[in-house]
Chemist: 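Supplied in structure tokens, the structure appears directly below.
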Amino acid sequence: MRLSNLFGKTQRQVPAEAEIPSHQLLLKVGMIQQVAAGVYSYLPLGWRVLRKIETIIREEMDTAGGQELMLPVLQPIELWEESGRHRAFGEGLFTLKDRRGRRLVLGPTHEEVIIQLIRQHVRSYRDLPLMLYQIQTKFRDEPRSRGGLIRVREFHMKDLYSFDADEDGLDISYNKMVEAYRRICQRCGLPFLAVEADSGAIGGKDSQEFMVIAEAGEDEVIYCPQGHYAANKEKAQSAKAPLPAEELLPLVEIATTGVGTIEELANFLVIPHSRTLKAVFYWADEELVFVVIRGDLGVNEIKLRNTLKCFDLRLATEAEVMTAGLVVGSASPVGLAGVKVVADDSITMGANFVVGANKPGYHLKNANYPRDFGVDILTDIALAEAGQGCPKCGEPLLSTRAIEVGHVFKLGTVYSENLGALYLDREGRQRPIVMGCYGIGVGRLMAAVIERNHDPKGIVWPPSIAPFQVYLCPLAGDEQQVVSKAEEIYRQLQVEGFEVLYDDRSETPGVKMNDADLLGIPIRLVISPRTLERNGVEVKRRWEKSTELLPWDEVIQRLPALIASFGSG
RNA sequence: CGGGGCGUGGCGCAGUCUGGUAGCGCGCAUGGUUUGGGACCAUGAGGUCGGAGGUUCAAAUCCUCUCGCCCCGACCA
């Protein structure tokens, strides 16, 4: 490709609103252009990279046994009402009406559609296992798009769905996908962390996310420095510090005028937060929920939502709490009736806690579960945070921002039961198909690669996904000889099958070199009067500082090794 | 949805407070001089100042409404 013909110019300035490196560089190089909030056009360079990533994904999916197909973007809304996810997605669904007034959605994902397909074609255990995938544009009306390609409303995504006869089969399919994802990340030059993840309101059991550690990431990962544990903060657990065992003391009411928060209570009584129990109120699908948790811990709303199996969850207003007959600032589970109580299991780790007295200006000392109060649900709903203990080894946990590039989960039979995807087993019994689903955001992966592979000059593409392998850069001046040599090498490189970007512009050396660095093509070849004098070509690898002069008849044979040396130094 | 900010040639920005014929840098075009790290000189093209309504002799600037975009939060299989 001659650079003079390439559509899309590099920019010298980018909008101040582009804040993260990948967004700035994508714009600066001229790989994307924004059309609307969270909607982008891909210019030739950006599209080339995207297609290379797709190719890698395709190869790994095929190797794992996947078969590619294509599914519709336009889907009847009834399918989504049938599965119940119409409600789960809520406003996130793009919906529209056709000319007859039928309501359609722009597919945010394709479980419903593929099950419809499966229902018709899979009737017997002989048809299983099966893995089907598609790479296509999906739509989600995100409340807020952000960070260039990190979070968009129209995006390229690969989704593979696995169909098995039983849980053992699902485990096999799932593990194949995890392995494929590892390979995809490796081939794209992306260091990743596979972490435990929440599977959402209608998800299944096991779920892992493939995270790329980056400041620009929108997720927070909690992990053990010894490598024993890593999880999305939404899902993470931590060892809750146990308190020393002590004899249960009698309940005592104490005056605590002006004390409302745990902070104030702990200061007032000069006790650690962990000696108190905190009351938090939520409004969950039209119902008030009283949450009790040890004072040193916070509530993980995602765990709570999963526990309650509700759609809408928010903090209750003060008015709602008072209407239920509770005293804000001094609410108590002791003596409570008529309100659902969800407790974190931390309330069993310790004794003689201070709790509210449900009476303004008073608290109770020495409250103990279950002696003094009951709960409806007792489970883990605590928010794990850095500094708390690793659930495996107790070492203090660390936290980092990360970009979620892939997500795999075991769906089980939730969808196949809801939507009637059944098969007949060997004994002729009808059973639900056991499903898994596995997604990768292609554009987001591209952004993640840039986040991890750039320097102050520009992008440093891993050769596997670089838009071109070689940047051929004559610094000609008046020398016609330089130009004809460059043309000759350009032809040879093409004949040998290299992807070459030939900078045939009559720009100054500074401009060309800076563009070469900005674009991040792995190998830069410079031809100038200076190199011509010595019958050579100057070679520079984008990720190294030094250059070397090679005799020009050796360059082509040395190129593959030079390209392959990425990541080894 | 809550808070903050921004819409002015292709890109980046100033001008708005205090109304008076729209400016700068980059890029682009033409000619010339340059050529190993974003050159220089000259000339030139390009803008209904997001949109609608209003105030005024006069609106990018003041008022009202509206649309779009960004950031933080909420939210997010």
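Every chain is numbered from 1 and lettered A, B, ... according to where its sequence line falls, protein lines coming before strand lines.
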Chemist: In whole angstrom, give me the gap between the P atoms of B/G2 and B/C63.
Modeler: 22 Å

Chemist: Taking atom C1' in both B/C71 and B/C65, compute the distance separating them and give it to the nearest angstrom.
Modeler: 25 Å

Chemist: Please determine, by modelled atom types, if A/Gln75 and A/Trp80 share a side-chain donor-acceptor pair under 3.5 angstrom.
Modeler: yes

Chemist: Which value, in whole Å, describes the distance between the C1' atoms of nucleotides B/G37 and B/G23?
Modeler: 32 Å

Chemist: Between B/G36 and A/Glu538, counting only base atoms on the nucleotide and side-chain atoms on the residue, is there a donor-acceptor pair under 3.5 Å?
Modeler: yes

Chemist: Which residue lies toward the 5' end of RNA chain B, A/Glu111 or A/Lys512, if each is placed at its nearest nucleotide?
Modeler: A/Lys512

Chemist: In whole angstrom, give me the gap between the C1' atoms of B/A60 and B/C17.
Modeler: 14 Å

Chemist: Need to verify one output field. Residue with the more 5' nearest nucleotide on RNA chain B, A/Gly510 or A/Met157?
Modeler: A/Gly510

Chemist: Which part of the nucleic acid does A/Arg314 contact within heavy-atom distance under 4.0 Å: base, sugar-phosphate only, or nothing?
Modeler: nothing

Chemist: Grab the two heavy atoms, one from A/Ile57 and one from A/Lys158, that are nearest each other, plus how far apart they are.
Modeler: CG2-CG, 3.5 Å

Chemist: When the C1' atoms of B/G47 and B/A14 are considered, how many whole Å apart are they?
Modeler: 15 Å

Chemist: For the pair made of CD in A/Gln481 and C1' in B/U35, what is the distance, rounded to whole Å?
Modeler: 17 Å

Chemist: Is A/Thr547 touching bases, backbone alone, or none of the nucleic acid, heavy atoms closer than 4.0 Å?
Modeler: nothing

Chemist: Provide the distance between the two C1' atoms, one in B/C13 and one in B/G53, to the nearest whole Å.
Modeler: 30 Å

Chemist: Centroid-to-centroid, A/Phe281 to A/Phe290, below 6.0 Å?
Modeler: yes

Chemist: Quick one: does A/Arg140 reach the base of B/A77 with a side-chain donor-acceptor pair under 3.5 Å?
Modeler: yes

Chemist: Expressed as a whole number of angstroms, how long is the span from A/Lys9:NZ to B/C11:P?
Modeler: 14 Å

Chemist: Considering only the P atoms, how many Å lie between B/C26 and B/A22, rounded to the nearest integer?
Modeler: 23 Å

Chemist: Between B/C57 and B/C62, how far is it from one C1' atom to the other, in whole Å?
Modeler: 16 Å

Chemist: Hey, what's the ring geometry for A/His156 with A/Tyr42, parallel, tilted or perpendicular (30° and 60° as the breaks)?
Modeler: perpendicular

Chemist: Does A/Thr508 put a side-chain nitrogen or oxygen below 4.0 Å from OP1 or OP2 of B/A39?
Modeler: yes

Chemist: Taking only the side-chain nitrogens and oxygens of A/Arg12, find out if one of them lies under 4.0 Å from OP1 or OP2 of B/G27.
Modeler: yes

Chemist: Apply the side-chain contact (heavy atoms from CB on, under 4.5 Å) test between A/Lys233 and each candidate in A/Asp219, A/Ile222, A/Asn300, A/Val195; give the one that qualifies.
Modeler: A/Ile222

Chemist: For the pair made of CD in A/Glu142 and P in B/C70, what is the distance, rounded to whole Å?
Modeler: 13 Å

Chemist: Does A/Arg524 make a side-chain donor-acceptor contact with the base of B/G37, cut-off 3.5 Å?
Modeler: yes

Chemist: Please state whether the phosphate of B/G27, meaning OP1 or OP2, lies under 4.0 angstrom from any side-chain nitrogen or oxygen of A/Gln13.
Modeler: no

Chemist: Within 45 degrees of the ring normal and closer than 6.0 Å to the centroid, is that where the cationic atom of A/Arg140 sits relative to A/Phe89?
Modeler: no

Chemist: Can you tell me if the side-chain N/O atoms of A/Arg146 get under 4.0 Å from OP1 or OP2 in B/A74?
Modeler: no

Chemist: Using a heavy-atom cut-off of 4.0 Å across all strands, would you classify A/Val526 as base, sugar-phosphate, or nothing?
Modeler: base

